[in-house]
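Protein chains get the first letters and strands the later ones, always in sequence-line order, with residue 1 at the start of each.
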Amino acid sequence: MQPTDSKRIPDPEMSQDEMKALQRQIADAACWQDTLSVNPEMIRWEPTETTKDTTQKTIDSSTSTTDIPNQDADETQPLVAGVDQAFRTEQSEVISAIVLTRGATVVDRIVAVTDLSIPYIPGLLSFREGGPILAAFEEISQKPDITMFDGSGRMHYRQAGLATHIGVVLDIPTIGVAKSLLCGTPESDTAQRPTGWQTQINADETVEDADTETVIGHALQTRQYDSRKIINPVYVSPGHRVSATTAVKITQALCDGYKLPEPTRRADAYADEIKREYSDN
DNA sequence: GCGACAG
DNA sequence: ATCTTGTCGC
């Protein structure tokens with residue numbers, strides 16, 4: 001698919017002031033209300049009910065060990081996309097992967113390898129990774145009903161993190177799931193919480209155009225061990241066309257025993273798989 | 001100047 | 001993000 005808002009594609013050639021100005025435009029165009037193409041309640045990480053199952057599992061041990069795309073998925077289930085990247089530091093290249101799923105079935109996988117120009121700068125992540133991600137979206141077969149990103153959405157200094165930026169440019173519903181907090185203040189202390197626990201993240205003085213009552217996301221404890229070792233929560237924020245509340249619900253529904261939601265995990269594994277193929281050769 | 005800072 | 005062996009626990 002192609003960008004709907006081609007004038008706002010993150011351009012690494014811009015000056016940092018221009019980047020920030022563009023992010024304010026993105027935040028302005030962003031929608032943090034539920035306008036999904038499907039009922040959010042339908043989004044779940046669940047296997048298709050085994051109806052007339054013709055158990056014929058062709059084992060392609062020659063290729064990948066996991067997630068071999070299966071065309072026979074339940075079309076009534078929402079199409080979920082997970083996006084993540086792997087870096088080839090020495091070569092200054094990024095491998096952007098998108099994994100499409102329905103229920104718990106991987107329907108398709110897309111990968112794009114592109115050059116990396118600007119370094120990572122907190123607050124300007126979309127200008128480093130946005131272009132490469134859009135390159136992968138150009139080759140996507142179907143439009144996802146919801147897309148999960150590694151990073152923030154509205155939980156950002158100018159309320160325009162990676163998930164929001166890509167969401168606005170492609171005009172698709174997106175959610176940002178970050179492993180650490182960029183900005184904002186948790187309503188409650190997030191330390192050592194049980195699985196399923198969550199608290200809202202309020203905007204703080206570092207977030208532009210927002211009062212301290214503005215909820216920019218949530219901290220969500222997606223997993224916790226039964227014993228001593230402690231796992232930190234993930235920070236979920238709406239990207240585009242989803243509310244903060246729905247974003248957490250969807251994220252929770254897409255988790256399956258691990259800290260990170262499945263779409264993200266699959267995309268991460270796929271990007272790593274491709275990266276390995278490069279180093280092996 | 002000092003501290004904070006998605007991936 | 002990435003570099004990496006062993007190691008603690010279920």
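Here B:dA6 is the nucleotide among C:dT2, B:dG7, B:dA6 with the atom lying nearest to any side-chain atom of A:Pro122.
One atom, CZ of A:Arg128, and another, P of B:dG7, lie 13 Å apart when rounded to the nearest Å. Rounded to an integer number of Å, the gap from A:Ile216 CD1 to B:dA6 P is 13 Å. Distance CD1 (A:Ile133) to C1' (B:dA6): 12 Å, rounded to an integer number of Å. Rounded to an integer number of Å, the gap from A:Leu182 CG to B:dA6 C1' is 5 Å. As a whole-Å value, the separation of A:Leu260 CG from B:dA6 C1' is 13 Å. Put simply, CD on A:Gln23 is 18 Å from P on B:dC5, counting in whole angstrom units. For the pair A:Glu129 CD and C:dA1 C1', the computed distance is 8 Å after rounding to whole Å. B:dG7 atom P lies 18 Å from atom CZ of A:Phe127, rounded to whole Å.
With no hydrogens or angles considered, a side-chain donor-acceptor pair links A:Thr206 and A:Asp204 at under 3.5 Å. Between the side chains of A:Gln85 and A:Ser96, at least one donor N or O sits under 3.5 Å from an acceptor N or O. For the residue pair A:Gln224/A:Arg193, the side-chain donor-acceptor check at 3.5 Å is not satisfied. Checking A:Glu187 against A:Asn202 by side-chain atom types alone, a donor-acceptor pair falls below 3.5 Å. Counting only N and O atoms by type, the side chains of A:Asp34 and A:Thr246 include a donor and acceptor under 3.5 Å apart. Side-chain atoms of A:Thr264 and A:Asp150 include no donor-acceptor pair closer than 3.5 Å.
Neither A:Val94 nor A:Leu134 shares a network with the other; the hydrophobic side chains, linked directly or stepwise wherever heavy atoms of I, L, V, M, F, W or Y lie under 4.5 Å apart, form separate groups for each.
Both cation-pi conditions hold for A:Arg109 and A:Tyr270: the charged atom is under 6.0 angstrom from the six-membered ring centre and inside a 45 degree cone around its axis.
Taking the charged nitrogens against the carboxylate oxygens, A:Arg241 and A:Asp171 do have a contact shorter than 4.0 Å, which makes a salt bridge. Checked for salt-bridge contact, A:Arg158 and A:Asp209 miss the test: no charged N lies under 4.0 Å from a carboxylate O. Under the 4.0 Å criterion applied to side-chain N and carboxylate O atoms, A:Arg44 and A:Glu262 are not assigned as salt-bridge partners. Between A:Asp5 and A:Arg8, at least one side-chain nitrogen of the basic residue sits less than 4.0 Å from a carboxylate oxygen of the acidic one, meeting the salt-bridge criterion.
Residue A:Ser180 is in sugar-phosphate contact alone, with no base atom involved, counting any heavy-atom pair closer than 4.0 Å across all strands shown. In this structure, A:Lys179 reaches the sugar-phosphate backbone alone: every heavy-atom distance under 4.0 Å involves primed, P, OP1 or OP2 atoms, never a base. At a threshold of 4.0 angstrom between heavy atoms, the contacts of A:Leu124 include nucleobase atoms, whether or not backbone atoms are also involved.
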For this session: Dot-bracket for DNA chain B, please, read 5' to 3', with Watson-Crick or G-U wobble pairs under 3.5 Å on both distances, ( ) within the strand, [ ] crossing, | other strand, . unpaired.
Result: .......

For this session: Produce a footprint string for nucleotides 3-10 of chain C: one letter per nucleotide, 5' end first; B if the base is under 4.0 Å from any protein heavy atom, S if only the sugar-phosphate is, - if neither.
Result: S-----SS

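Of the residues in residues 157-177 of chain A, A:Tyr157, A:Gly161, A:Leu162 come within less than 4.0 Å of DNA chain B through at least one heavy atom, sorted by number.
Here A:Tyr120 reaches the OP1 or OP2 of B:dA6: one of its side-chain N or O atoms lies under 4.0 Å away.
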